[in-house]
*Asks:* 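Mind looking over this structure? Questions follow.
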Amino acid sequence: MLTKRIIPCLDVRNGRVVKGIRFVNIRDAGDPVEMASAYDREGADELVFLDITASHERRDTVVDLARRCAEELFIPFTIGGGMRDESDIRKVLKAGADKIAINSAALANPNVINRCSKRFGAQCIMVAIDAKLVSAGEEKQWEPFVHGGRTGTGRDAVEWAREAVERGAGEIMLTSMDTDGTQDGYDIDLTRAITQAVGVPVIASGGAGNLDHLVEVVKEADADAVLAASIFHYGTYTIRQAKEHMAAAGIPMRLT
Amino acid sequence: MIAIIDYGMGNLRSVEKALEKAGAEVSVTRDSDELRRADRIVLPGVGAFGDAMDNLRKRGLIDVIREEVAAGKLFLGICLGLDLLFEESDEHGLHQGLGLLPGRVELIPTDLKIPQIGWNQVSIRKKSRLLEGIPDGSSFYFVHSYAVVPEEESDILCTTEYGCTFVSAVERGNITAFQFHPEKSSSLGLKILSNFAS
């Protein structure tokens, strides 16, 4: 049976991890590759690196990051941040990333999804959606935002997810801007709206504060994977604890 | 030396690095002579079946693969490299494969999401040197929409459940091939590659 995935997310600036780190057995707590390997040893199913380097310097840093990770990491990893067109994406995939995540570039020019999906395969094209609640009435509505959540797009997040998948996105990485950073739990309504709208895996992100939150978004919103940063980076829980907790709740997990 | 066949289908770097990690000397190549000199051959790949066969044909690699496999060289197929071993695939139209094993490639007959992306367990159906040290029921990383349907039951090495039971690995003589990605399956995947390399 296909297991649900736990995906730690690392924010990287100029080749260094920027969030605080608990690992004590690694030499360099700011080195993304060393941290990623530690997560692999702990049982992480996959990793996401988001490059948050200032955009004008970013193109080379993402390629370099992909190359370094590919040397040492033997679980799948995704790189997001700063890729604008097919040529940027090709470089990062060629450097060894298993998947790339695109957000602003996909909304600015949706054809980039079609072209890259056709050329590289849908399995490596992840569309990241940062969504914010804009209408809380009977029928909730969310709007996708771009440029790190600074700019609205005037679109509907559910419609956009559907379109991205039709164009060839192989996975959706969905971040709720309303719950992100709150540690109050994932946005269940938003996640459910997206998982019901698309036929590809949906990775839920934003708001994990305890292990029940991971269970909740899988059971109630049908998420295929859970992404989390703080609860793992700051050592609140280990990946192993998270997996055992989810497995005890009846969710299929990879425990070996 | 292990030769990884470079035919323009996806990222070969992770396969190369994982085999190196397993202690092997590796060469990523499209050169027939180098494939003949190698003592083991790996056919990796992601992407479309038809494109993959076209690329192998254009690079003049089909005959050398058939010859070297027939001569008994150890051969490892990964993902698309498993699919290509069979006779034909109906992925985006009907395409002929390498025909090294009898059977077809079909869309996974499931109601679940396609592609299947993630970690799934394998049931080991027979003994294999490559699976030494791998417990039955271990999880490996899959990314695929199609699965092989071998004609010969005896070729089946592993099966996996995904709303149906599909064949996740095959083995016949010197040929072993996996639908999942050992190079992306953490320590157990590396163990398989190290078994292949030694």
Side-chain angles (χ1 to χ4, degrees), chain A residues 1-7 37 39-47 66-78 90 92-100 117-126 165 170-172 195 198-203 222 224-225 243 252-256, chain B residues 8-22 45-48 51-52 79-80 92 108 110-123 134-145 160-163 165 180-193:
Chain A
M1 192 189 248
L2 187 68
T3 59
K4 299 291 181 177
R5 290 170 276 159
I6 292 187
I7 309 178
S37 297
Y39 275 128
D40 175 3
R41 287 193 295 276
E42 266 199 354
D45 295 308
E46 203 168 319
L47 288 156
R67 189 175 298 119
R68 287 165 54 215
C69 290
E71 300 272 338
E72 292 292 332
L73 207 50
F74 301 102
I75 54 174
F77 68 93
T78 301
R90 190 186 69 86
V92 174
L93 290 172
K94 202 164 183 286
D98 297 286
K99 312 175 191 180
I100 58 88
S117 179
K118 192 160 188 299
R119 183 163 171 196
F120 310 117
Q123 80 289 336
C124 61
I125 307 301
M126 187 186 283
V165 171
E171 269 180 290
I172 299 288
T195 58
V198 300
V200 301
V202 175
I203 300 167
D222 205 23
D224 297 277
K243 286 193 152 183
M253 303 299 297
R254 175 180 72 109
L255 293 168
T256 49
Chain B
M9 295 306 287
N11 162 29
L12 309 184
R13 199 175 160 78
S14 49
V15 179
E16 180 190 5
K17 292 293 157 196
L19 280 166
E20 281 174 5
K21 185 91 175 175
V46 288
D51 293 348
C79 197
L80 184 57
H92 310 303
I108 312 169
T110 183
D111 293 332
L112 305 179
K113 292 178 183 182
I114 287 185
Q116 173 180 221
I117 299 182
W119 297 79
N120 203 334
Q121 297 92 29
V122 300
S123 301
I134 306 294
D136 191 22
S138 296
S139 296
F140 294 95
Y141 190 76
F142 288 82
V143 183
H144 66 128
S145 301
T160 294
E161 302 298 320
Y162 187 63
T165 302
F180 55 83
H181 290 269
E183 77 281 11
K184 285 291 158 188
S185 295
S186 199
S187 51
L188 290 179
L190 291 177
K191 173 71 181 152
I192 290 180
L193 294 175

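Because only heavy atoms are used, hydrogens play no part in the values below, and waters and symmetry mates are left out as well, while side chains stay in. Here is the naming used below: chain letters follow the sequence lines, and residue numbers restart at 1 for every chain.
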*Asks:* Side chain, backbone, both or neither: which part of A:A122 has an atom under 4.5 Å from a heavy atom of chain B?
*Replies:* neither

*Asks:* Quick one: are B:K21 and A:E72 in side-chain contact, heavy atoms under 4.5 Å?
*Replies:* yes

*Asks:* Does A:F77 reach the side chain of B:S14, with side-chain heavy atoms less than 4.5 Å apart?
*Replies:* no

*Asks:* For B:K113 versus A:V200, what's the shortest heavy-atom pair and its separation?
*Replies:* NZ-O, 3.3 Å

*Asks:* CG of A:L2 to CG of B:L112: how many Å apart, nearest 0.5 Å?
*Replies:* 8.0 Å

*Asks:* Tell me, for A:R119 versus chain B, whether the close heavy atoms (under 4.5 Å) come from the side chain, the backbone, both or neither.
*Replies:* neither

*Asks:* Set out, in order, the CA-CA distance, both residues' side-chain angles and the distance that settles side-chain contact (heavy atoms from CB on, under 4.5 Å) for B:R13 and A:K94, then state yes or no.
*Replies:* CA-CA 8 Å; B:R13 199 175 160 78; A:K94 202 164 183 286; over 6 Å; no

*Asks:* Kindly indicate, with the supporting measurements, whether the criterion side-chain contact (heavy atoms from CB on, under 4.5 Å) is fulfilled by B:K184 and A:I75.
*Replies:* CA-CA 4 Å; B:K184 285 291 158 188; A:I75 54 174; 5.8 Å; no

*Asks:* So, taking the atom named CZ in A:F74 and the one named OG in B:S187, what distance separates them when rounded to the nearest 0.5 Å?
*Replies:* 11.5 Å

*Asks:* Which atoms of A:K99 are under 4.5 Å from chain B, going by heavy atoms: the side chain, the backbone, both sets, or neither?
*Replies:* side chain

*Asks:* Return the CD to CG distance between B:Q116 and A:D224, rounded to the nearest 0.5 Å.
*Replies:* 11.0 Å

*Asks:* So what's closer than 4.5 Å to chain A heavy atoms on B:I114: side chain, backbone, both or neither?
*Replies:* backbone

*Asks:* One pair to check against side-chain contact (heavy atoms from CB on, under 4.5 Å): B:K17 and A:L73. What are the steps and the verdict?
*Replies:* CA-CA 9 Å; B:K17 292 293 157 196; A:L73 207 50; over 6 Å; no

*Asks:* Enter the distance from B:S138:OG to A:L255:CG here, rounded to the nearest 0.5 Å.
*Replies:* 12.0 Å

*Asks:* Rounded to the nearest 0.5 Å, what's the gap from CE on A:M1 to OG1 on B:T160? Could you check?
*Replies:* 13.0 Å

*Asks:* Is A:A95 close to chain B through its backbone or its side chain, or both, or neither, when contacts mean heavy atoms under 4.5 Å?
*Replies:* backbone

*Asks:* Atom CD of A:E46 and atom OG of B:S186: how far apart are they, to the nearest 0.5 Å?
*Replies:* 12.5 Å

*Asks:* Less than 4.5 Å to any heavy atom of chain B: does that hold for the side chain of A:L93, its backbone, both, or neither?
*Replies:* backbone

*Asks:* Specify which of A:R254, A:K4, A:R67 makes the most heavy-atom pairs with chain B at under 4.5 Å.
*Replies:* A:R254

*Asks:* Sort out for me which of B:H144, B:E161, B:Q121, B:E16 touches chain A most, counting heavy-atom pairs under 4.5 Å.
*Replies:* B:Q121

*Asks:* Keeping B:W119 on the side-chain end and A:R5 on the backbone end, is there a donor-acceptor pair under 3.5 Å?
*Replies:* no

*Asks:* Restricting to non-hydrogen atoms, name the atom on A:G170 and the atom on B:I117 that form the minimum distance, rounded to 0.1 Å.
*Replies:* O-CD1, 3.7 Å

